[in-house]
Amino acid sequence: MAEESLKVTNFIRDIINEDIKNNKNNGNVVTRFPPEPNGYLHIGHAKSICLNFGLAEEYKGRCHLRFDDTNPVKEDVEYIESIKEDVKWLGFDWGEDLYFASDHFDRLYEFALELIKMGKAYVCSLSADQIREYRGTLTEPGKESPYRNRTIEENLDLFERMKAGEFNDGEHVLRAKIDMCSGNLSMRDPTLYRIRKVRHHRTGNKWCIYPMYDFTHCLSDSIEGVTHSICTLEFENNRPLYDWILDTLGMDCHPQQIEFARLNLSYTLMSKRKLLELVEEGHVTGWDDPRMPTISGLRRRGYTPEAIRDFCGRIGVAKRDSMVDLSLLEHCIREDLNKRAPRVMAVLNPLKVVIINYPVDGVEEVDALNNPEDADAGKRKIPFTRELYIERDDFREDPPKKFFRLAPGREVRLKYAYYIKCEEVIKDKETGEVMEVRCTYDPETRGGWSEDGRKVKGTLHWVSADRSIESEVRLYDHLFTKEDPSDIAEGDDCRNYLNPDSLTVLRSCRVEPSLAGSLPGSRFQFERLGYFCVDPDSGENMPVFNRIVSLRDSWAKIEKKIKEG
RNA sequence: UGAGGUGUGGCCAAGCGGUAAGGCACCGGGUUUUGGUCUCGGUAUUCCCAGGUUCGAAUCCUGGCACCUCAGCCA
């Protein structure tokens with residue numbers, strides 16, 4: 001993977017290098033990516049996937065894919081499949097190391113028993129509300145549960161009966177006996193097991209008690225022989241508990257938890273809960289809507305795994321809360337596609353051009369380079385006829401300064417074809433709208449150059465009027481108008497910042513005939529416009545293209561400056 | 001007012017006592033049959049602030065300040 005050369009070092013690699021130097025873990029590196037199957041993966045997960053699998057690759061270790069499926073109420077097999085697909089699509093392979101936290105339920109139960117026997121865990125019969133009250137606050141210590149000093153025998157009996165289904169949800173929980181006065185709330189006798197009389201998507205009805213994250217995660221890591229358990233910053237407060245459980249049980253394998261800052265991307269959201277809202281409320285068409293920051297959305301939009309991996313390498317890994325500019329992601333996909341996307345001509349907002357000195361039924365084929373960045377990409381033929389379409393933006397009746405496209409009396413190059421000169425403008429008498437531009441062509445400029453060395457200011461893309469294909473093109477913009485839609489005042493709602501123009505559908509676009517029958521997922525550069533990807537919605541005779549990203553547009557900048565004076 | 005973290009250019013991010021890497025963005029020049037690509041050049045006398053140690057501090061010490069996380073039987 002070429003993009004790996006761009007990787008800079010980071011504090012996690014420093015830690016691992018130090019560990020290897022000290023022969024900790026016999027020099028092995030085992031990481032894991034532990035998604036909960038309760039939603040689709042997004043670009044923030046991609047950061048974690050690239051980190052964990054990337055480290056494993058780099059240090060010749062392994063990275064486990066482990067589904068953290070301890071809460072059957074929220075989880076579903078649908079998500080398991082999508083997560084596997086996304087990880088694979090990103091280019092990573094967990095090999096034999098596919099696990100489910102639920103695979104470890106039996107051993108977890110044994111560990112809980114052990115803790116009880118050590119007097120380090122007890123069955124608490126306080127209600128959820130009471131537990132909250134007893135917990136104290138951020139600044140005040142908590143109070144010990146009246147059930148805290150039940151005998152080991154009583155605890156064993158109660159826990160056994162919890163497992164046997166003798167109690168209802170919420171009647172009892174198993175808690176660790178740690179310190180109700182700890183400044184760290186997660187050490188104030190945290191819940192280890194709760195009763196949930198629901199069917200689990202993998203273990204069926206075998207269990208009616210399910211272990212909590214804190215209990216499950218560290219032990220699963222330990223059971224699987226993970227060496228470096230990398231997670232996001234919000235788990236920093238949980239690390240003492242992670243360590244306490246492993247230490248108290250005397251686990252041989254004690255992975256090191258390391259926290260890094262999660263990815264935030266401007267103009268979008270990374271919260272699974274909020275993304276689910278967008279889907280359920282119909283603000284987007286689904287998890288794979290091309291505007292979504294999900295892996296499936298980016299995939300449908302046309303992003304490549306290479307570009308996403310490159311992005312993840314460039315953003316770095318650190319502990320500082322940060323917000324990465326969307327322009328970096330856009331840069332990565334442009335850079336990737338510039339090298340490999342075939343060039344093609346397409347007109348999004350067609351304006352008819354009639355070449356008045358060209359034969360009425362004349363057709364000829366001009367040669368076009370498939371990719372000037374790739375010598376092996378070859379050439380193709382494009383039909384040229386008397387009636388053509390150019391982009392409406394490429395003609396101005398009254399051109400501003402520095403506009404060097406078509407205008408009355410001006411000569412421009414039609415790429416790969418001829419120089420044409422605008423002779424006449426036909427307008428709608430009522431509206432004044434330009435309906436057609438009549439031009440002459442210079443037969444001596446075939447191929448788009450002139451022997452006399454004459455310079456033309458502009459080169460336009462074009463398409464034959466009757467030898468082009470009608471198509472639909474979907475243009476995308478930021479989902480939100482606010483750079484950080486999660487930064488909202490109380491009472492405000494991120495939905496208030498949804499961008500009404502995040503999707504623009506163009507239905508009368510014309511694309512060159514070579515695009516007929518393009519397969520969904522194929523990517524192209526539409527010359528002078530941007531990179532586009534064939535959407536699965538495409539019909540037999542109506543291809544649909546998603547704009548992945550526009551080309552950089554320095555004319556747009558100039559024009560903006562002119563307008564601003 | 002508890003505990004744990006974090007502060008380096010517009011956005012990321014190296015830096016680990018020897019005098020501020022790199023990328024994105026931005027600005028300018030060149031090349032160009034994509035106003036794309038490519039290419040050349042510019043952009044922090046300064047690292048949250050204030051003291052201190054040192055020949056020398058973004059890096060060490062002290063004291064402030066700002067921001068983030070934690071009071072689920074979620075993860």
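Chain letters run A, B, ... following the sequence lines, proteins first and then strands; every chain starts at 1.
Note: CD (A/E234) to P (B/rC68) measures 15 Å, nearest angstrom. A/E373 places its CD atom 11 Å from the P atom of B/rU34, with the value rounded to the nearest Å. Straight-line distance from the CG atom of A/L241 to the P atom of B/rU69: 20 Å, rounded to whole Å.
Annotation: B/rU6 and B/rU62 have their P atoms spaced 16 Å apart (nearest Å). B/rG36 and B/rG30 have their C1' atoms separated by 16 Å, with the value rounded to a whole Å. Taking atom P on both B/rG23 and B/rG41, the two are 12 Å apart, rounded to the nearest angstrom. Taking the P atoms as reference points, B/rG42 lies 37 Å from B/rG52, given to the whole Å. For the P atoms, the distance from B/rG9 to B/rA44 is 12 Å, rounded to whole Å. Comparing B/rC60 with B/rU45, their C1' atoms are spaced 23 Å from each other, to the whole Å. Nucleotides B/rA14 and B/rU53 are separated by 32 Å at their P atoms, to the nearest Å. Taking atom C1' on both nucleotides, B/rU32 is separated from B/rA57 by 49 Å, rounded to a whole Å.
For B/rG9, the base adopts the anti conformation, since its glycosidic angle falls more than 90 degrees from zero.
Scored by the side-chain hydrogen bond (donor to acceptor under 3.5 Å, both in side chains) test, A/R202 finds A/D103 as partners (sequence neighbours excluded).
The phosphate of B/rG72 has neither OP1 nor OP2 within less than 4.0 Å of any side-chain N or O from A/R188. For the OP1/OP2 pair of B/rC73 and a distance below 4.0 Å, the side-chain nitrogens and oxygens of A/R135 include at least one atom meeting the criterion. In this structure, A/R413 does not reach the B/rU34 phosphate: none of its side-chain N or O atoms is under 4.0 Å from OP1 or OP2. An OP1 or OP2 oxygen of B/rG36 is reached within less than 4.0 angstrom by a side-chain nitrogen or oxygen of A/S554. In this structure, A/H461 does not reach the B/rU34 phosphate: none of its side-chain N or O atoms is under 4.0 Å from OP1 or OP2. For A/R552, a side-chain nitrogen or oxygen approaches OP1 or OP2 of B/rC26 to under 4.0 Å. Residue A/K557 has a polar side-chain atom (N or O) positioned under 4.0 Å from OP1 or OP2 of B/rC26. Residue A/R334 places none of its side-chain N or O atoms closer than 4.0 Å to OP1 or OP2 of B/rU37. For A/R528, a side-chain nitrogen or oxygen approaches OP1 or OP2 of B/rG35 to under 4.0 Å.
Set against B/rG4, B/rG28, B/rC74, the side chain of A/E236 has B/rG4 as its closest nucleotide. Checking B/rA75, B/rA71, B/rG35 against every side-chain atom of A/I558, the shortest atom distance belongs to B/rG35. Looking at the side chain of A/S327, the nearest of the listed nucleotides B/rG28, B/rC24, B/rG35 is B/rC24. The side chain of A/E527 lies closest to B/rU34, out of B/rC73, B/rG2, B/rU34. Nearest to the side chain of A/K415, among B/rG35, B/rU34, B/rC70, sits B/rU34. With B/rG35, B/rA75, B/rC70 as the candidates, the nucleotide lying closest to the side chain of A/F235 is B/rA75.
Comparing A/T139 and A/L551 against RNA chain B, the residue whose closest nucleotide sits nearer the 5' end is A/T139.
Side-chain N/O atoms of A/N184 and A/N237 include no donor and acceptor closer than 3.5 Å. Using modelled atom types, one finds a donor on one side chain and an acceptor on the other under 3.5 Å when comparing A/R150 with A/S125. The closest side-chain donor-acceptor pair between A/S127 and A/Q130 falls under 3.5 angstrom. Using modelled atom types and a 3.5 Å distance limit, the side chains of A/R510 and A/S468 yield a donor-acceptor pair.
With a cut-off of 3.5 Å on both Watson-Crick or G-U wobble distances, the partner of B/rU53 is given as none. The partner of B/rU6 is B/rA66, by the rule that a Watson-Crick or G-U pair needs both atom distances under 3.5 Å. Shown here, B/rC26 forms a base pair with B/rG42; the pair counts as Watson-Crick or G-U wobble because both key distances fall under 3.5 Å. If you check B/rA21 for Watson-Crick or wobble pairing at under 3.5 angstrom, you find it has no partner at all. The nucleotide B/rA71 finds no pairing partner, because no Watson-Crick or G-U wobble arrangement with both distances shorter than 3.5 Å includes it. Using the Watson-Crick or G-U wobble rule with both distances under 3.5 Å, B/rU31 pairs with nothing in any strand shown.
Counting only distance, with no hydrogens or angles, the side chain of A/H42 and the backbone of A/M270 share a donor-acceptor pair below 3.5 Å. Here the side chain of A/E140 pairs no donor or acceptor atom with the backbone of A/T137 at under 3.5 angstrom. Panel note: side chain A/D189, backbone A/I178; a donor-acceptor pair is recorded below 3.5 Å.
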What verdict does the ring pair (Phe, Tyr, Trp, His ring centres under 6.0 Å) test give for A/F526 and A/F545, after you've listed the backbone C-alpha separation in whole Å, the side-chain angles of each residue and the deciding distance to 0.1 Å? CA-CA 10 Å; A/F526 288 1; A/F545 294 94; 5.1 Å; yes
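Evaluated for a ring pair (Phe, Tyr, Trp, His ring centres under 6.0 Å) with A/Y213, the options A/F235, A/Y242, A/Y193 yield exactly one hit, A/F235.
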Check: protein-nucleotides 11-15 of chain B nitrogen or oxygen pairs below 3.5 Å:
residue, atom, partner, partner atom, Å
B/rC11, O3', A/M323, O, 3.0
B/rC11, O2', A/M323, O, 2.7
B/rC11, O2', A/D325, N, 3.4
B/rC12, OP1, A/M323, N, 2.8
B/rC12, OP1, A/M323, O, 3.4
B/rC12, O5', A/M323, O, 3.2
B/rC12, O2', A/I315, O, 2.7
B/rA14, OP1, A/V317, O, 3.4

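With hydrogens and angles ignored, no donor-acceptor pair under 3.5 angstrom links the side chain of A/E335 to the base of B/rG23. For A/Q525 against B/rU34, a side-chain-to-base donor-acceptor contact under 3.5 Å is present.
Both geometric conditions, a ring-centre gap below 5.5 Å and a plane tilt below 30°, are not fulfilled together for A/Y213 over the base of B/rA75.
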